[in-house]
Amino acid sequence: MQYTPIEPKMQVKLHPKNTFTIIMVVGFLYLAYLIFFESGDGMPEIDVDLKDVISYAVLAIEMGGHAVMKVNEEKNLNAAAKGLTDEGKEELLTRADLISNHLILDILQRFPQLQIVSEEKKSEFSEREIEPYRLDNYAVWQSVKEILDKIPSRRLQLSDVRVFVDPLDATQEFTEGLTEYVTVMACIVLDAEPIFGAIYRPFFNETIFGLQGFGVITSDGVRLNPIEDSKTAKKVVVSRSHAGKVKEIVEKVYGDKMNIEPAGGSGYKTLRLVNGTAELYLHTTAIKKWDTCAGDAILRTMGGAMLDLEGQPLRYSSADPLLNKKGLLATVRNPYSYLNKFQGIQIL
Ligand SMILES: *[C@@H]1O[C@H](CO)[C@@H](O)[C@H](O)[C@H]1NC(C)=O
Ligand SMILES: *[C@@H]1O[C@H](CO)[C@@H](O)[C@H](O)[C@H]1NC(C)=O
């Protein structure tokens with residue numbers, strides 16, 4: 001079946017008779033919905049096509065990313081401290097985070113029982129405040145439709161699916177005008193495993209999608225495979241806020257054979273692995289799962305993974321903590337051979 005856009009342009013003229021039938025059918029479905037799905041206990045399972053969840057997730061981050069750019073143009077970020085991060089640093093929150101988050105949740109909540117895990121709670125913007133940042137669904141749809149059409153269908157039970165979203169990764173850098181680090185991400189988790197990830201760079205209008213079993217593809221339709229080992233830059237990307245400690249550790253393991261590059265955003269650092277401009281992404285302090293989920297899905301699709309520094313792949317089920325306190329090692333290939341090099345070194 002072909003995709004139907006969320007707000008399809010009407011192409012069919014309706015007969016009054018047909019209209020009546022449609023109203024009857026819709027009414028009947030609604031009734032069935034009320035009876036079966038709103039009745040609380042013994043709720044039957046809802047079936048979804050993974051492809052549809054992916055479409056909504058992609059539409060959502062493109063919408064969110066567009067809003068991030070728009071707020072940036074207004075030069076009124078309203079940055080405010082959100083509190084302290086898990087590393088004890090001041091954490092920033094801007095209007096861009098909130099508006100992007102609002103638009104993303106608006107779209108994803110069209111799946112009534114989808115479990116959504118987002119960095120921000122839905123804020124109380126009125127429709128009038130949000131409207132200027134909303135893109136035409138149909139136009140966004142058209143720009144990603146060709147890619148989404150290539151994705152195979154797969155039936156899933158909605159209750160097994162969780163979607164992680166990061167409405168604005170690298171907020172700190174965003175407020176400093178370092179927009180190259182900014183990404184908007186969505187990730188689909190089945191059971192505890194990230195199976196689909198999308199990272200959107202709004203200021204460059206680039207999206208990278210990874211679906212396990214299907215591959216990694218850019219918004220221009222280019223398939224990405226890991227860059228050969230020998231052509232990969234001998235570089236470790238690390239968070240700008242704790243580059244010093246990682247530098248020490250990397251020097252112990254690699255001597256001067258690896259360079260350290262401090263960079264903002266987990267999404268951005270993952271993209272550097274994807275295009276081979278870095279070989280390793282290391283993180284030695286706590287990190288939230290919505291920062292890692294999409295990148296993790298993409299790396300797993302390419303044959304790599306994100307491991308914590310005890311060697312466990314990150315897990316994303318509702319039983320797993322949202323905060324990973326065990327550090328992070330990420331690569332596009334052989335994550336365990338990299339991890340082995342760090343055995344016996346006190347990292348955390
Ligand atoms: C962004 O990229 C998409 C797909 O690559 C394209 O269809 C769209 O026109 C681009 N948008 C802008 C504003 O350049
Ligand atoms: C690699 O990816 C990063 C992040 O998307 C981008 O800034 C950089 O230009 C890319 N480099 C190459 C050579 O593709």
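Atoms within each ligand, like the ligands themselves, are counted from 1 in listed order. Starting from 1, each residue takes its place in the sequence as its number. Predicted model, so just to flag it, every value in this text is computed and none were measured.
The atoms of ligand 1 that sit less than 4.0 Å from any heavy atom of Ser219 are 5 (O). Within ligand 1, the atoms closer than 4.0 Å to a non-hydrogen atom of Asp220 are 5 (O), numbered from 1 in the order shown. Counting the atoms of ligand 2 from 1 in the order shown, those under 4.0 Å from a heavy atom of Arg272 are 3 (C).
Side-chain polar atoms of Asp320 and Ser317 form a donor-acceptor pair below 3.5 angstrom. A donor-acceptor pair shorter than 3.5 Å can be found between the side chains of Asp97 and Thr94.
Electrostatic pairing of Asp106 and Lys122 counts as a salt bridge here, judged by a charged N lying under 4.0 Å from a carboxylate O.
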Could you go step by step and tell me if Thr285 and His283 meet the side-chain hydrogen bond (donor to acceptor under 3.5 Å, both in side chains) rule? CA-CA 6 Å; Thr285 53; His283 192 91; 3.2 Å; yes

Stepwise side-chain hydrogen bond (donor to acceptor under 3.5 Å, both in side chains) check, Thr277 with Asn275: CA-CA 6 Å; Thr277 56; Asn275 70 12; 2.8 Å; yes

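Looking at Arg201, Lys269, Glu180, it is Arg201 that brings a heavy atom closest to atom 7 (O) of ligand 2.
Within a 4.0 Å radius of atom 9 (O) of ligand 2, the protein has no heavy atom.
Nearest protein heavy-atom neighbour of atom 4 (C) of ligand 2: Tyr268 CE1, 3.7 Å. Of all protein heavy atoms, the one lying nearest to atom 11 (N) of ligand 2 is Asn275 ND2, 3.0 Å. Atom 6 (C) of ligand 1 has Ser143 CB, 4.1 Å as its closest protein atom, hydrogens excluded (heavy atom only). With hydrogens left out, the protein atom closest to atom 3 (C) of ligand 1 is Asn205 ND2, 3.7 Å, a heavy atom. The protein heavy-atom contact nearest to atom 13 (C) of ligand 2 is Thr277 CG2, 3.9 Å.
Side-chain contact check for Thr292 versus Asn324: every heavy-atom pair is 4.5 Å or farther apart.
By the 6.0 Å and 45° rule, Arg223 stacks over the aromatic ring of Phe214.
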